[in-house]
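Naming convention: chains lettered A, B, ... in sequence-line order (proteins, then strands); numbering from 1 in each chain.
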Amino acid sequence: MNESKNFLKSQVQEDLEANKYQKIITRFPPEPNGFPHIGHAKSIFINFGIARDFNGYCNLRMDDTNPSKEDTKYVEALKDAVEWLGYEWYGDVRFTSDYFPKLYEYAIELIKMGKAYVDSLTEDEIREYRGSVTEPGKRSKYAERSVEENLDLFERMKKGEFVEGEHVLRAKIDMSAANMKMRDPLLYRIKNAHHFRTGDEWAIYPMYDFAHCLSDYIEGVTHSICTLEFENNRDIYDWVLDTLKLEPPRPYQHEFARLNINYTVMSKRKLLELVEGGYVNGWDDPRLPTIAGYRRKGYTPESILTFCDQIGVAKSNSVVDVSQLEFCIRDDLNTKVPRVLCVLDPLKVTIVNYEGEEEIDAPYYPHDVPKEGSRKLPFSREIYIDRADFEENPPKGYYRLTPTQPVRLRHGYIIECKEVLKDAAGNIVEIKAEYYPNSKSGEDTSGIKVKSAIQWVSALSAKEVEVRVYDRLFACEAPQGVEDINPNSLVVKKALIEPAVITQKPDVRFQFEREGYFYADPIDYTDETPVFNKIVSLKDSWGKKKRNSREKTKQQEKKVQIDGEVTPMTPEQEKLFERYTKELQLNTEVANTLARDSFLASFYEEALNELNSAVNLANIITNEVAREIKAQNSTELHFTPKQIAQLIAMVDEELISNKIAKQVFEEMAKTGADPKQIVEDKGLIQISDPAQIKPIIDEVIAANPQNVEKFKGGNKKLLGFFVGQVLKATGGKANPKMVNELVAQKLA
RNA sequence: UGGGGUAUCGCCAAGCGGUAAGGCCUCGGUUUUUGGUACCGAUAUUCGGGGGUUCGAAUCCCUCUACCCCAUCCA
């Protein structure tokens, strides 16, 4: 598996090291309102994977808070998917609906705290009152109801005394919050629908934002991992848990980018449209990116898991190329699956100089797959080969049978074309050929060199099978909907296959040599009418060559960036800028940053009172100090302008290098210690004596002969590498400028 | 227009101030009775653009740009 850590694993590791949790608990929490797709597989892989990696648990929880959409058939599909992928959830399957009583209690608690109220605005009014992204909302007059009234109303909501939409329970947070989600979010709504588990017991149902965080908490989840679109919901997640003052530890939410793959669609809505519109044959149609679809097509769980591992986990919206997935299934099947001969587009070949019949012993696996097994391949005078394996007027580079080019029948003899028979329309209907009796595979003494070996079947014993050749469902990379459907996404062929394959059971995979991997359809396959699904083609560098030569290579243009306008300075800022550039000789960029930030400016002025080192102070304040201020979100700073001045004084006196100054500053920001004290305690005084530095340089050079070579060969970037090594050896204390010069001299 | 995110090769993706990982794709080559596999090799002087700080910047600072998410009684 992938060794590099993703940000989620790093987070878990960090939390574990900080002793935040004793045991890691994650959860996979789908809403049972549709069939799981490969995006769910990614989530399953992440959640169960983290639990496995860190010796924890992963729960499977059905987030069933919306009875009008959910159904028990979906929970079965979800369970199947997890099991098929090889994971085991901890304990029983959980349901948010199991927590409805507990959730109700928490809601009452919030009401008692004055943090939740029953609102009786209409749906439209609620929307209107919420405001817009740029304008604040306004609070409902019902927010003023007393705790008693809220309690009474909420209980009656629960009892079913009201109709849908009459009341809702809302959190009392902030109607003018910049985060729209925090404008008094709804906690409960009245719904008369029948719930597939709790039946008609409840008249009210909790909203996602209320139920999810608390369900996580109830289950002892530590890391609540979800997709990017919930980033804005994190504030409510934290608000609910914090406001309720629950006993720690509590879970935290982390978001990652959902999976997208080109040439397909992933949204539930679009998938549903395809299924219900009859564009595909059900949720397990092999062209669909559903787990059931991939499974029916013949993908292995291992290949899906490998894929999930390869694509990684990050926060940028991305679209993974299908070829990555296709690679995974090819790679998995290559070492697992027997090779057999199947002719998809049969063309008759009569071997005129052959009489009788024979059986050829043919191994199931090629030389590079360490597996045993073989079968008998019947051979006779009449055989079939694939139409694509004969060309009367072959293009350049064609390796297969032509009127002048012999070819080997895989595992069998070399044949040569003698005559081409055509129908009235000019279509080739048969080939008369001759074979070389002394060219049999394994005992070939003919000395004839052929460029390829092709698949074939004997006419006498071949069986007709149905082969469903699937191609991508959509014709374009980023399909919008059914209008982009590839009309040839399914081609059903009557193919001819060698007899050994037919005695096999369904649910078995093969490689049809030179064609691809195929799967005996687990549902439609019978011995009388065998059906094979194409899983994926083999890599086809010949087909590609042909295609590429036809396609024009399009050149990509580099995008031109346009610079936007910068907001002008106020007169006061203008004045400061003037002073900084003219009087203090700061460069315009630094002066600009300082002048525009009043906090930084006053910090700078104060430091300037302590030390007359305008440029160096300005530099550290606009860069390092600014960063700390951002990180600490203002207020609680551990360092003062005076201390910064002391630090810079040491730099000015060349007691410490700039590099060390940054290190000292970080320490100051963390602990609030005095810069001089830090330098003293850690012995950070700069080493500027060449006599001390030179031996270290020699050591570094001696230890890295290849890099010395590379450097002398012209790789000047390596100078930085050597400087870095020397600095590392001295604990960062060597004067970097001097090291630079000395190293350059040494290596010159 | 407010808030929250994200930008590193054709596609994913490491990287957290000191030599731009890896996989897929692509292109060469070797082996091959699968135009498969395997194996070797090539492919980012540059990290969305522009500035700044530093001996040294993909990494720190400023700024601009592009894209995604948020105004369901969905999740």
Side-chain angles (χ1 to χ4, degrees), chain A residues 2-5 31 33 63 65-66 69 123 126-127 130-135 137 164-165 168 177-181 183 186 188-191 207-208 212 228-234 255 257 262 310-312 314-321 323-324 327 330 334-335 339 366-369 397 399-400 408 410-411 441 444 450-455 511 513-514 538-543 545 556 559 561-566 587-590 592-593 596 619-620 622-624 626-627 657-659 662 707 710 715 717-725 727-728 735-741:
Chain A
N2 203 334
E3 277 149 49
S4 62
K5 243 183 208 109
E31 183 189 12
N33 70 343
D63 207 4
T65 56
N66 186 358
K69 287 191 187 176
E123 203 172 332
I126 286 179
R127 189 174 10 257
R130 195 151 25 219
S132 75
V133 288
T134 48
E135 304 147 31
E164 275 185 31
V168 291
N179 179 356
M180 295 290 296
K181 294 270 178 197
R183 321 250 257 228
L186 272 60
Y188 271 92
R189 79 287 213 189
I190 296 167
K191 244 178 199 300
M207 302 290 289
Y208 166 86
H212 205 91
L228 248 27
E229 66 268 29
F230 292 100
E231 274 171 329
N232 296 317
N233 301 60
R234 190 173 58 230
E255 310 88 11
N262 58 10
Q310 282 184 2
I311 58 173
K315 288 178 83 110
S316 65
N317 290 308
S318 53
V319 182
V320 177
D321 203 312
S323 62
Q324 186 100 28
F327 168 81
R330 278 191 202 109
N334 178 41
T335 53
R339 323 284 141 128
H367 63 97
D368 50 3
V369 174
Y399 291 171
R400 291 104 103 147
R408 177 177 295 282
R410 171 112 247 234
H411 301 301
S441 190
D444 184 357
V450 291
K451 288 195 172 140
S452 77
I454 62 172
Q455 72 273 28
Q511 185 193 104
E513 290 208 36
R514 304 210 308 134
L538 256 30
K539 256 181 87 169
D540 178 13
S541 36
W542 167 242
K545 200 171 263 177
Q556 289 219 330
K559 282 178 214 147
Q561 291 253 8
I562 304 151
D563 268 14
E565 231 163 89
V566 183
N587 81 39
T588 55
E589 193 62 30
V590 172
N592 186 36
T593 308
R596 283 170 183 276
N619 283 343
I620 194 167
T622 42
N623 291 289
E624 261 48 48
R627 180 187 67 229
S657 64
N658 250 308
K659 186 189 176 78
K662 286 180 189 180
N707 279 339
K710 277 199 233 165
N715 189 348
K717 282 180 294 188
L718 253 31
L719 186 65
F721 163 75
F722 288 111
V723 174
Q725 292 295 308
L727 249 30
K728 204 168 154 193
N735 179 335
K737 213 178 271 183
M738 185 171 290
V739 173
N740 243 295
E741 282 166 21

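Atom CG of A:Asp368 is separated from atom OG1 of A:Thr335 by 10.0 Å, given to the nearest 0.5 angstrom.
The nucleotide whose nearest atom lies closest to any side-chain atom of A:Glu31 is, among B:G5, B:C62, B:C74, B:C74. Nearest to the side-chain atoms of A:Leu538 among the listed nucleotides B:U1, B:A13, B:U34 stands B:U34. Comparing B:G36, B:A75, B:G51 by their closest approach to the side chain of A:Glu589 singles out B:G51. Picking from B:G35, B:U54, B:C24 the nucleotide with the shortest atom distance to the side chain of A:Phe327 gives B:C24. Each of B:C11, B:C12, B:A71 was ranked by its minimum atom distance to the side chain of A:Ser318; first place goes to B:C12. When distances are taken from the side chain of A:Phe230 to each of B:A75, B:G49, B:U19, the shortest belongs to B:A75. Listed candidates were B:G3, B:G17, B:C74. Nearest to the side chain of A:Lys659 is B:G17. In the set B:G5, B:G18, B:U34, B:G18 carries the atom at the smallest distance from any side-chain atom of A:Leu727. Across B:C74, B:G50, B:G17, the shortest atom-to-atom separation from the side chain of A:Lys662 is found for B:G17. Minimum atom distance to the side chain of A:Asn740 is reached by B:C55, of the listed B:C55, B:C61, B:U34.
Among the protein residues, A:Arg400 comes within range of the nucleic acid bases, having at least one heavy atom under 4.0 Å from a base atom. A:Gly720 comes within contact range of at least one nucleobase, with a heavy-atom separation under 4.0 Å. Contact annotation for A:Arg514: base contact, defined as any heavy-atom pair under 4.0 Å involving a base atom. Counting any heavy atom pair closer than 4.0 Å across all strands shown, A:Asp368 reaches a base atom. In this structure, A:Val320 reaches the sugar-phosphate backbone alone: every heavy-atom distance under 4.0 Å involves primed, P, OP1 or OP2 atoms, never a base. Using a 4.0 Å heavy-atom criterion, one finds that A:Arg339 contacts the bases of the nucleic acid, with or without backbone contacts as well. Counting non-hydrogen atoms under 4.0 angstrom, A:Val168 reaches a base of the nucleic acid. Within the nucleic acid shown, A:Val590 comes within 4.0 Å of sugar-phosphate atoms alone, with no base atom in reach, counting heavy atoms only. Residue A:Glu123 is in base contact, counting any heavy-atom pair closer than 4.0 Å across all strands shown. Residue contacts for A:Asn623: at a heavy-atom cut-off of 4.0 Å it reaches a base atom on one of the strands shown. At a threshold of 4.0 angstrom between heavy atoms, the contacts of A:Ile620 with the nucleic acid are absent. Residue A:Lys69 is classed as a base contact, given a heavy-atom separation below 4.0 Å to a base. Among the atoms of the strands shown, base atoms are found under 4.0 Å from some heavy atom of A:Ser132. Within the 4.0 angstrom heavy-atom criterion, no nucleotide atom of any strand lies near A:Asn33.
Nucleotides B:A38 and B:U46 place their C1' atoms 33 Å apart, quoted to the nearest Å. Comparing the P positions of B:G2 and B:C11 gives a spacing of 30 Å, expressed to the nearest Å. Here the separation of B:C27 from B:G35, taken at their C1' atoms, is 16 Å to the nearest Å. Nucleotides B:U53 and B:G41 are separated by 41 Å at their C1' atoms, to the nearest Å. The gap from the C1' atom of B:A44 to that of B:G10 amounts to 12 Å, rounded to the nearest Å.
For the 3.5 Å distance criterion, the side chains of A:Glu31 and A:Asn33 qualify, holding a donor opposite an acceptor.
Under 3.5 Å, the side chain of A:Lys717 and the base of B:U46 form at least one donor-acceptor pair of N or O atoms. Donor-acceptor pairing under 3.5 Å, judged by distance alone, is present between the side chain of A:Gln324 and the base of B:G23. Interface remark: the A:Thr622 side chain does not form any donor-acceptor pair with the B:U53 base, using a distance-only criterion of under 3.5 Å. The base of B:G5 lies outside donor-acceptor range of the side chain of A:Asn232, with no N or O pair under 3.5 Å.
For A:Glu231, the side chain to side chain contact (heavy atoms under 4.5 Å, CB included) partners two or more places apart in sequence, or in a different chain, are A:Leu228, A:Glu255, A:Lys315.
Summary of the strand contacts: A:Glu164 and A:Ser541 both lie near RNA chain B, and taking for each the nucleotide with the nearest heavy atom, the more 5' one is attributed to A:Ser541. Summary of the strand contacts: A:Arg408 and A:Asp63 both lie near RNA chain B, and taking for each the nucleotide with the nearest heavy atom, the more 5' one is attributed to A:Arg408.
Whole-Å rounding puts the A:Gln511 CD to B:U34 P distance at 11 Å. Atom CG of A:Asn619 is separated from atom C1' of B:C55 by 15 Å (rounded to the nearest Å). One can place CG of A:Leu228 at 17 Å from P of B:C67, the figure rounded to the nearest angstrom. Computed from coordinates, the A:Glu229 CD to B:U72 P distance equals 16 Å when rounded to whole Å. Look at CG on A:Asp540: it is 10 Å from C1' on B:G36, rounded to the nearest Å. Distance A:Tyr399 OH to B:U32 C1': 12 Å, rounded to the nearest Å. The CG-C1' distance, from A:Asn592 to B:C61, rounds to 12 Å in whole Å. Taking atom NE2 of A:His367 as the reference point, atom P of B:U30 lies 16 Å away to the nearest angstrom.
At a threshold of 4.0 Å, the pair A:Lys191-A:Glu164 does not count as salt-bridged, since none of the basic side-chain nitrogens sits closer than that to a carboxylate oxygen. The pair A:Asp540-A:Arg514 does not count as a salt bridge, with every side-chain nitrogen at least 4.0 angstrom from each carboxylate oxygen.
In plain terms, the two heavy atoms of A:Leu186 and A:Met207 that are nearest each other are O-CG, 3.3 Å. The shortest heavy-atom contact between A:Asn334 and A:Val369 is O-CG2, 3.6 Å. When all heavy atoms of A:Glu135 and A:Arg183 are compared, the closest pair comes out as O-NH2, 2.6 Å. Among all heavy-atom pairs drawn from A:Met180 and A:Ser132, the shortest one is SD-O, 3.5 Å. The two atoms that bring A:Tyr399 and A:Ser452 nearest to each other are O-OG, 3.4 Å, heavy atoms only.
Considering only side-chain N and O atoms, A:Thr65 lies under 4.0 angstrom from the phosphate OP1 or OP2 of B:A75. Phosphate proximity of B:U37 to A:Arg330: absent, as no side-chain N or O sits under 4.0 Å from OP1 or OP2. Between B:C74 and A:Arg189, a contact under 4.0 Å exists linking OP1 or OP2 to a side-chain N or O. Look at A:Ser316 and you'll find a side-chain N or O under 4.0 angstrom from OP1 or OP2 of B:A13. When the side-chain nitrogen and oxygen atoms of A:Asn334 are compared with OP1 and OP2 of B:G36, none of them lie within a distance under 4.0 Å. Taking only side-chain nitrogens and oxygens, A:Arg130 comes nearer than 4.0 Å to OP1 or OP2 of B:C73. One finds no side-chain N or O of A:Arg183 lying less than 4.0 angstrom from the OP1 or OP2 phosphate oxygen of B:G2.
Remark: B:A66 base-pairs with B:U6. Criterion, Watson-Crick or G-U wobble with two distances under 3.5 Å.
Taking a centre distance below 5.5 Å and an interplanar angle below 30 degrees as the stacking criterion, A:Tyr208 does not stack against the six-membered base ring of B:A75.
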